[in-house]
K.L.:
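Here you go, one structure.
Hydrogens, waters and symmetry mates play no part in the numbers below; they use all other heavy atoms, side chains included. Note on naming: letters A, B, ... go to the chains in the order of the sequence lines (proteins, then strands), and numbering restarts at 1 for each one.
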Amino acid sequence: MDSNIVASNFIEQAIIEDIKEKGLKKIVTRFPPEPNGYTHIGHAKAICIDFLTAEKFKGYTNLRMDDTNPNKESEVYVKALMEDIKWLGFKWKNLTYASDYYEFLYNCAIDLIEQGKAFVCDLSAEEVSSMRGTLTEPGKESPYRNRSIEENLKLFKEMRAGKYADGEKTLRAKIDMSHPNINMRDPVIYRILHVKHFRQGDKWCIYPMYDFAHPLSDAYEQVTHSLCSLEFEDHRPLYNWFVDNCRILPGVKPRQIEFARLNIDGTVMSKRYMHELVQKGYVDGWDDPRLPTLSGFRRKGYTPSAIREFCTRIGVAKSNSIVQPHILEACIREELNKNAVRVVAVLDPIKINITNYPANKTEKIAISNNPTIENSKKHNILFSNELYIEREDFMIEPTNKFFRLTLNGYVRLMGAYIIKCDEVVKDKDGNIDHLNCSIVYDAKEQNIKPKGTIHWLSRNEAVKIKTRKFHSLLKEGEVYESGMVDKIINPNSMEEHISFIEPFALKQKSNLQFIRNGYYIEDSRLSKKDDRVFLETVSLKDSK
RNA sequence: UGGGGUAUCGCCAAGCGGUAAGGCACAAGACUUUGACUCUUGCACGCGGUAGUUCGAAUCUACCUACCCCAGCCA
């Protein structure tokens with residue numbers, strides 16, 4: 001093991017200590033999602049931590065589906081999880097399932113029973129709950145706690161054989177009902193569930209609990225470091241209890257280390273919330289761009305590297321923090337600015353007519369595919385007397401720091417001419433219908449140097465498209481509580497616009513981007529069937 | 001009134017007894033055919049508070065304070 005590795009966070013620090021003290025040869029981590037929902041950006045943080053720390057120590061990471069609750073899990077999520085992790089660019093060593101270990105886990109339970117460290121309990125869920133005690137008062141021991149080993153063995157085997165109904169019996173660890181840590185008060189480790197498991201079918205009717213299955217699965221896979229989020233800190237003593245008390249475990253004992261999970265300001269990361277939004281049709285699906293799912297980010301055009309960069313920028317620590325969406329946005333903006341092919345789009349157009357340019361004339365204007373790239377390729381757009389410009393690029397009366405087009409003011413049309421707005425033509429309702437402008441052919445002679453440059457499209461060339469601009473799903477100031485979705489949903493979370501884009505955009509195969517004032521467009525479906533051009537726009541500035 | 005955690009710039013976050021990294025955001029300036037991008041500069045005499053140990057403390061000690069998590073046969 002390379003001893004020159006420098007820790008960049010507390011987890012790596014702990015691992016380095018473990019390597020010295022325990023003489024570990026290989027570092028193994030695991031990413032253990034429950035397949036009951038889609039991968040979100042919070043998972044991405046955990047994925048990066050799991051995979052990158054193993055990578056740093058030249059170890060490996062297993063992808064383990066934590067499928068111990070057949071009521072919630074399904075194959076579709078397994079596939080989505082794998083796809084998302086691959087998309088992020090990580091490769092797991094082994095794909096495993098907690099359910100693959102059911103037989104092993106069963107044997108671990110038998111082992112505990114044989115040691116007198118687990119017992120079959122006949123108490124109902126309500127009774128167990130009422131006897132657990134409170135945060136400040138100790139619990140009471142189950143009357144079934146002192147059954148003989150033989151009886152426990154017989155009963156547990158009968159549980160497995162399907163002799164009992166759901167909830168009729170449980171297997172509990174025999175620890176300490178007066179332990180100050182409630183997790184240690186004889187926790188249930190197996191429950192009866194006559195439910196079909198998506199992989200095991202009807203093979204089992206008893207299912208292990210997370211607290212039991214997780215540490216033992218880690219140990220079974222020879223995971224050295226089991227990294228999880230802060231809410232499991234209280235479970236660590238239990239984790240260690242199982243690892244210490246099961247006698248049929250191989251090799252090195254795994255160590256659980258906790259870190260703070262990701263919170264993004266204004267974003268609800270809970271799977272329950274997202275399930276509700278999808279089920280009630282408030283969003284298109286799990287890949288709706290308003291959702292913080294990886295598939296949603298992918299559809300918006302975020303790249304895996306931007307998401308990984310985000311995860312490294314936010315760091316790993318133990319304090320509960322809420323990161324601002326600016327950080328993620330900065331990551332994608334930085335990348336797109338450097339790499340994206342840029343096309344001109346007018347998102348919210350107003351018409352302008354150039355009064356001193358021939359009506360039947362057009363000329364090709366070459367614009368760079370990406371001005372930040374030296375000697376970048378160029379492509380042409382057509383100039384004519386009828387154009388669209390962005391509505392926000394015009395103000396009749398300029399405010400103090402407005403440098404774009406104003407009535408009687410000058411502006412440069414990107415790549416083309418300097419124009420002056422001579423007249424604002426309004427319709428009967430007083431809304432702007434179009435602007436009459438004139439090209440200032442002798443700008444040099446007149447020494448006119450407009451400060452602003454704006455983008456534009458020729459009306460006879462521009463391709464009409466439907467765009468969307470997304471805003472927060474939550475009403476301002478609202479906080480999500482489960483079951484509250486109907487009340488807190490922001491009815492204006494999506495605006496549809498008619499926009500225009502240059503024809504060159506249609507030839508691009510993927511990731512068309514247009515960056516301006518925080519706007520960002522993706523067009524993953526541009527070349528898809530039905531010839532429907534469909535852009536989605538997201539304002540990065542407003543994404544909160 | 002129990003147990004487990006966390007407190008360093010607006011937001012993340014380094015720091016591990018030798019005198020406060022970095023990123024995002026923000027501000028000022030330069031450059032610019034998108035006032036974008038890029039560049040340059042600025043941005044905690046201060047590290048939740050109060051005592052103490054020390055030549056020296058964000059780092060050690062004690063006592064406070066605030067916030068987060070835990071009483072599923074969920075994970």
Side-chain angles (χ1 to χ4, degrees), chain A residues 8-10 13 32-34 36 66-69 71-73 98 121 123-126 128-139 166-172 178-185 187-193 206-207 209-211 213-214 228-237 258 260 262-263 265 271 309-310 312-331 333-334 337-338 342 344 365 367-368 370-372 390 393 401-404 411-418 449-456 514-519:
Chain A
S8 57
N9 61 50
F10 74 100
Q13 214 163 63
E34 184 186 17
N36 69 342
D66 221 346
D67 54 349
T68 55
N69 183 353
N71 281 320
K72 292 186 177 177
E73 298 144 5
C121 184
L123 257 25
S124 70
E126 297 71 41
V128 169
S129 174
S130 70
M131 293 175 76
R132 189 161 12 235
T134 67
L135 296 177
T136 53
E137 297 158 21
D166 289 7
E168 199 176 331
K169 283 180 168 44
T170 56
L171 183 70
R172 296 224 261 159
S178 56
H179 198 108
N181 180 341
I182 291 177
N183 292 307
M184 301 296 272
R185 318 238 260 232
V188 169
I189 58 181
Y190 265 94
R191 76 286 213 185
I192 299 171
L193 250 31
I206 56 171
Y207 291 92
M209 300 288 288
Y210 165 87
D211 280 321
H214 205 89
C228 63
S229 47
L230 244 31
E231 66 265 32
F232 293 104
E233 278 177 317
D234 288 342
H235 297 242
R236 192 178 346 115
E258 311 84 8
L262 174 65
N263 295 295
D265 199 13
K271 282 189 204 166
E309 175 62 21
F310 169 70
T312 76
R313 283 191 194 182
I314 58 176
V316 189
K318 293 189 77 167
S319 64
N320 285 308
S321 53
I322 302 173
V323 309
Q324 297 175 330
H326 300 127
I327 301 180
L328 214 203
E329 290 158 6
C331 292
R333 221 183 299 125
E334 228 169 73
N337 181 49
K338 279 187 226 156
R342 297 195 197 175
V344 177
I365 305 290
I367 57 173
S368 172
N370 187 322
T372 70
E390 205 74 65
D393 284 345
K401 283 211 168 182
F402 187 82
F403 298 106
R404 287 162 278 165
V411 80
R412 187 190 300 277
L413 294 179
M414 183 175 68
Y417 300 96
I418 290 169
K449 291 178 186 164
K451 284 188 170 177
T453 303
I454 63 174
H455 60 276
W456 52 272
F514 171 78
I515 305 171
R516 178 193 163 76
N517 293 343
Y519 273 93

K.L.:
Between B:rA66 and B:rG49, how far is it from one C1' atom to the other, in whole Å?
P.N.:
10 Å
K.L.:
Go nucleotide by nucleotide along RNA chain B from the 5' end; which of A:Arg412 and A:Ala330 gets its closest nucleotide reached first?
P.N.:
A:Ala330
K.L.:
At under 4.0 Å between heavy atoms, which parts of nucleotides 7-13 of chain B does protein reach? Answer with one letter per nucleotide, 5' to 3': B base, S sugar-phosphate only, - none.
P.N.:
S--BSSS
K.L.:
Given atom CD of A:Glu334 and atom P of B:rC24, what is their separation to the nearest angstrom?
P.N.:
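Rounded to the whole Å, the gap is 6 Å.
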K.L.:
Indicate, with a heavy-atom threshold strictly under 4.0 Å, whether A:Asp66 touches base, sugar-phosphate, or nothing.
P.N.:
sugar-phosphate
K.L.:
How would you label the contact of A:His214 with the nucleic acid (heavy atoms, under 4.0 Å): base, sugar-phosphate, or nothing?
P.N.:
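Counting heavy atoms under 4.0 Å across all strands, no contact is made by A:His214.
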K.L.:
Using 30° and 60° as the class limits, which term best fits the ring planes of A:Tyr210 and A:His214: parallel, tilted or perpendicular?
P.N.:
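A:Tyr210 and A:His214: tilted rings.
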K.L.:
Who passes side-chain hydrogen bond (donor to acceptor under 3.5 Å, both in side chains) against A:Ser178, sequence neighbours left out?
P.N.:
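With sequence neighbours excluded, A:Ser178 shows a side-chain hydrogen bond (donor to acceptor under 3.5 Å, both in side chains) to A:Asp176, given in chain and number order.
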K.L.:
Could you tell me the separation between the CD atom of A:Glu231 and the CD atom of A:Glu258, rounded to the nearest 0.5 Å?
P.N.:
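Result: 9.5 Å between the selected atoms.
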K.L.:
How far, in whole Å, is B:rC64 from B:rA7 if one measures between their C1' atoms?
P.N.:
14 Å
K.L.:
Could you give the CD1-to-P distance, from A:Ile367 to B:rU34, as a whole number of Å?
P.N.:
11 Å
K.L.:
Please determine whether a side-chain nitrogen or oxygen atom of A:Arg236 lies at a distance below 4.0 Å from atom OP1 or OP2 of B:rC69.
P.N.:
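Result: no.
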K.L.:
Starting at atom CD of A:Glu233, determine the distance to atom P of B:rC69, rounded to an integer number of angstrom.
P.N.:
12 Å
K.L.:
Taking atom P in both B:rG48 and B:rU59, compute the distance separating them and give it to the nearest angstrom.
P.N.:
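Taking atom P in both B:rG48 and B:rU59, they lie 8 Å apart.
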K.L.:
What is the separation between atom CG on A:Leu328 and atom C1' on B:rA25, rounded to the nearest whole Å?
P.N.:
15 Å
K.L.:
Taking only the C1' atom of each, what is the distance from B:rU8 to B:rA44 in whole angstrom?
P.N.:
8 Å
K.L.:
Determine the interatomic distance between P on B:rC9 and the same-named atom on B:rU32; round to the nearest Å.
P.N.:
39 Å
K.L.:
Report the distance from atom CG of A:Asp234 to atom P of B:rC70, rounded to the nearest whole Å.
P.N.:
8 Å
K.L.:
Residues in side chain to side chain contact (heavy atoms under 4.5 Å, CB included) with A:Glu334, at least two apart?
P.N.:
A:Arg313
K.L.:
Provide the Watson-Crick or G-U wobble partner of B:rG18, both distances under 3.5 Å; none if there is no partner.
P.N.:
B:rC55
K.L.:
Using atom P in both nucleotides, what's the gap between B:rA20 and B:rA58 to the nearest angstrom?
P.N.:
9 Å
K.L.:
Rounded to whole angstrom units, what separation is found between the CZ atom of A:Phe232 and the P atom of B:rG5?
P.N.:
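Checked: the CZ to P distance equals 16 Å.
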K.L.:
From CD of A:Glu309 over to P of B:rG22, roughly how many Å is that when rounded to an integer?
P.N.:
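Atom CD in A:Glu309 sits about 17 Å away from atom P in B:rG22.
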K.L.:
Report the residues that fulfil side-chain hydrogen bond (donor to acceptor under 3.5 Å, both in side chains) with A:Asn183, sequence neighbours left out, ordered by chain and then residue number.
P.N.:
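In terms of side-chain hydrogen bond (donor to acceptor under 3.5 Å, both in side chains), with neighbours along the sequence ignored, A:Asn183 is linked to A:Asn181.
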K.L.:
Kindly give the atom pairs (protein nitrogen or oxygen, nucleotide nitrogen or oxygen) under 3.5 Å for nucleotides 71-73 of chain B.
P.N.:
from	atom 1	to	atom 2	distance (Å)
B:rA71	O2'	A:Arg132	NE	2.9
B:rG72	OP2	A:Arg132	NH2	3.1
B:rC73	OP1	A:Arg132	NH2	3.3
B:rC73	OP2	A:Arg132	NH1	3.2
B:rC73	N3	A:Gly167	O	3.4
B:rC73	N4	A:Leu123	O	2.6
B:rC73	N4	A:Ala125	N	3.0
B:rC73	N4	A:Gly167	O	3.1

K.L.:
Is there a donor N/O on one and an acceptor N/O on the other, under 3.5 Å, for the side chain of A:Asn181 and the base of B:rG4?
P.N.:
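Under the 3.5 Å cut-off, the side chain and the base do not form any donor-acceptor pair.
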K.L.:
Name all residues meeting the side-chain hydrogen bond (donor to acceptor under 3.5 Å, both in side chains) criterion together with A:Asn36; count only those two or more places apart in sequence or in a different chain, and write none if there are none.
P.N.:
A:Glu34, A:Lys271
K.L.:
Sort out the partner of B:rA66 for me: Watson-Crick or G-U wobble, both distances under 3.5 Å, none otherwise.
P.N.:
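Pair assignment: B:rA66 / B:rU6.
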K.L.:
For B:rG46, give the paired nucleotide (Watson-Crick: N1-N3 plus N6-O4 or O6-N4; G-U: N1-O2 and O6-N3; both under 3.5 Å), or none.
P.N.:
none
K.L.:
Could you identify the nucleotide paired to B:rA36, looking across every strand shown and requiring Watson-Crick or G-U wobble geometry with both distances under 3.5 Å?
P.N.:
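Pairing partner, where one exists within any strand: none, as none qualifies.
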K.L.:
Looking across every strand, which nucleic acid part, if any, lies under 4.0 Å from A:Glu137 by heavy atom: base, sugar-phosphate, or nothing?
P.N.:
nothing
K.L.:
Please check the phosphate of B:rA75 (OP1 and OP2 only) for any side-chain N or O of A:Thr68 closer than 4.0 Å.
P.N.:
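Answer is yes, contact under 4.0 Å.
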K.L.:
In whole Å, what is the span from the CD atom of A:Glu258 to the C1' atom of B:rG5?
P.N.:
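Distance, rounded to whole Å: 9 Å.
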K.L.:
My understanding is that a pair needs two contacts under 3.5 Å, Watson-Crick or G-U wobble. By that rule, which nucleotide pairs with B:rA27?
P.N.:
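Its partner is B:rU41 (Watson-Crick or G-U wobble, both distances under 3.5 Å).
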